[in-house]
Amino acid sequence: MKKLNLGIVGTGFIAGILAPAIQSSKNARLTAVSSRTLAKAETFVVDYPGVVAVEGAERLLARPDIDAVYVATPTAAKEGIAKSVLESGKHVLIEKPLQSIEVAERLSALAREKGLVLMDATHFVHHPRTAVMRERCAELIGTPRSLHTMFYFPFSDRDNIRFDPDHEPMGAVGDMAWYSMRAVVEYLAPERLEDIKVFTERDSESGAVIRATGVLKFDDTKTATFDIGYTAGAAVMDLTLAGTSGILTQDDFVLDWQSGFGFDNPDIATGITHRSGMATRKEFVFIETPTPISQHTLMVETFADLALNPDAGNREKWLEASAKTQGFLDAVWLSAQLST
């Protein structure tokens, strides 16, 4: 089987998560990694024999053995790097969020013009659970009306880039509300946003947003609420989708407890809990959605398949999902700024 040769720009935490997923995928291989300093790149590739360390993104893009690039840089640098990658004729897998919907639209237009893949690196949408929940939604709960998501990780390291508004201007909103907005796109699928209100908490020293709570009203009276941040004392990844005839829930919608990065619990099944009517807890039904492959590895394989087997329709689907997510996230960020 032909494999896609991937390079990585950036050597931070998230790059360290995806590198082994690339190596374990069936249709991609890690070929080179670049950092602003050669020493950082060399340290990163120590665990990956045969992978080349490169100083600077420009040298990575000049390599003829690179077919695609994973952009794992701070948000403030993403557009410039992704633009250069696309202009060099290479496909792009990019960390989320982008700086704005305008950035997403510019990069999407360039990808279309060049006939290249541009896909955001949202893991959970590639888990089979997402497809099952979408496909069985009408059968299980009728018409979806409201969505609630709650995503917290206890985190207080002010030396981390999440607390640096210059590099990550949206703070926890960009880091975590992205997933809430992508869940809106996947499960509520609204056409337009009609109203929104967001409240935030900022770190007293850095000014970074560390918590946000909001409510959004969409067309057809659909609504979504979200609560995200770093200030809760436990990891929480809850999702509740309420429909006209039932409710679907997940307690690990971002990173499944079984094999989402940071977790390794083969004994914890991944799936969806369904309930309807006046069902008590003992009557709830758990619908298991197993996969032998982690969702981040599945993401790499989907991206590689799009690059190796061109399908304009599938490529467009991912571009549209990214743009809708970014558009809703921008609205969240604007409301957050207005409320402070």
Side-chain angles (χ1 to χ4, degrees), residues 12-14 71-79 94-105 107 120-125 147-188 190 193-218 223-239 253-255 321-340:
F13 170 78
I14 197 63
V71 180
T73 63
T75 298
K78 287 174 188 171
E79 181 181 15
I94 191 165
E95 265 309 316
K96 68 289 166 210
L98 295 175
Q99 294 97 317
S100 66
I101 184 59
E102 290 78 17
V103 170
E105 289 172 345
L107 292 177
D120 71 68
T122 305
H123 299 181
F124 83 82
V125 296
L147 176 72
H148 175 68
T149 52
M150 186 176 187
F151 182 23
Y152 276 88
F153 269 102
F155 192 79
S156 58
D157 179 9
R158 288 193 173 95
D159 292 328
N160 188 277
I161 197 168
R162 292 174 175 85
F163 284 76
D164 183 350
D166 290 333
H167 290 93
E168 295 295 344
M170 295 187 193
V173 168
D175 186 25
M176 307 184 87
W178 170 277
Y179 297 96
S180 297
M181 295 305 103
R182 187 52 164 265
V184 165
V185 172
E186 296 294 327
Y187 302 130
L188 277 183
L193 176 65
E194 295 183 348
D195 202 1
I196 184 170
K197 184 64 176 179
V198 176
F199 301 93
T200 61
E201 177 184 348
R202 290 181 180 267
D203 178 57
S204 60
E205 293 185 18
S206 66
V209 174
I210 55 175
R211 183 170 68 93
T213 302
V215 58
L216 300 86
K217 179 181 180 297
F218 302 100
T223 58
T225 55
F226 71 90
D227 188 13
I228 58 93
Y230 310 133
T231 58
V236 181
M237 299 180 285
D238 290 350
L239 177 149
F253 88 97
V254 178
L255 303 169
S322 295
K324 288 178 180 177
T325 306
Q326 186 70 52
F328 293 147
L329 186 71
D330 282 8
V332 168
W333 182 235
L334 177 59
S335 179
Q337 291 175 298
L338 292 174
S339 69
T340 57

Output for pair (Phe218 CZ, Leu147 CG), nearest 0.5 Å, gives 8.5 Å
Closest non-hydrogen atoms of Gly207 and Pro165, given as atom of the first, atom of the second and distance, are C-CG, 4.4 Å
- request: With the side chain counted from C-beta on, respond yes when Asp227 and Tyr152 share a heavy-atom pair under 4.5 Å apart, and no when they do not.
  value: yes
NE2 of His148 to OG1 of Thr223, rounded to nearest 0.5 Å, is 11.5 Å
Next on the checklist: Counting C-beta onward and ignoring hydrogens, is there a side-chain heavy-atom pair between Lys96 and Thr325 closer than 4.5 Å?
Outcome noted: no
*If the plane angle is over 60° it's perpendicular, under 30° parallel, otherwise tilted; pick one for Phe124 and Tyr179.*
tilted
CD1 (Ile94) and OG1 (Thr122) are apart, to the nearest 0.5 Å, by 11.5 Å
Sorted by chain and residue number, the ring pair (Phe, Tyr, Trp, His ring centres under 6.0 Å) partners of His123 (sequence neighbours excluded) come out as Phe261, His296
Checklist line | Short side-chain to backbone donor-acceptor contact, Gln99 and Thr75, under 3.5 Å | finding: yes
When every non-hydrogen atom of Phe153 is compared with those of Ala235, the smallest separation belongs to CE2-CB, 3.7 Å
Taking every heavy atom of Phe163 against every heavy atom of Ser156, the minimum-distance pair comes out as CZ-CA, 4.1 Å
* Asked: Within the distance-only criterion (no hydrogens, no angle test), does the side chain of Lys324 pair as donor or acceptor with the backbone N or O of Pro190 below 3.5 angstrom?
  -> no
Separation between CG (Leu216) and CZ (Phe226), nearest 0.5 Å, reads 6.0 Å
Any side-chain heavy-atom pair from Asp330 and Met170 closer than 4.5 angstrom?
yes
Taken to the nearest 0.5 Å, the spacing of Phe151 CZ from Tyr230 OH works out to 9.0 Å
Between Arg158 and Asp203, the two heavy atoms sitting closest are NH2-OD1, 2.8 Å
Output for pair (Arg211 CZ, Thr200 OG1), nearest 0.5 Å, gives 9.0 Å
- May I ask you to decide if Ala331's main-chain N or O and Ser335's side chain share a donor-acceptor pair within less than 3.5 Å? no
Here the pair of heavy atoms bringing Ala224 nearest to Leu188 is CB-CD1, 4.2 Å
- Message: As a quick check of understanding, evaluate side-chain contact (heavy atoms from CB on, under 4.5 Å) for Phe13 and Ile161, giving each step before the final call.
- Response: CA-CA 10 Å; Phe13 170 78; Ile161 197 168; over 6 Å; no
Correct closest heavy-atom pair for Glu95 and Ala121 would be OE2-CB, 3.4 Å
> Taking C-beta and beyond as the side chain, do Phe328 and Ile196 meet within less than 4.5 Å on heavy atoms?
Replying inline: no
Quick note, salt bridge (Lys or Arg N to Asp or Glu O under 4.0 Å) partners involving residues 172-187, not counting sequence neighbours, are Asp120-Arg182, Arg134-Glu186, Arg162-Asp175, Arg182-Glu186
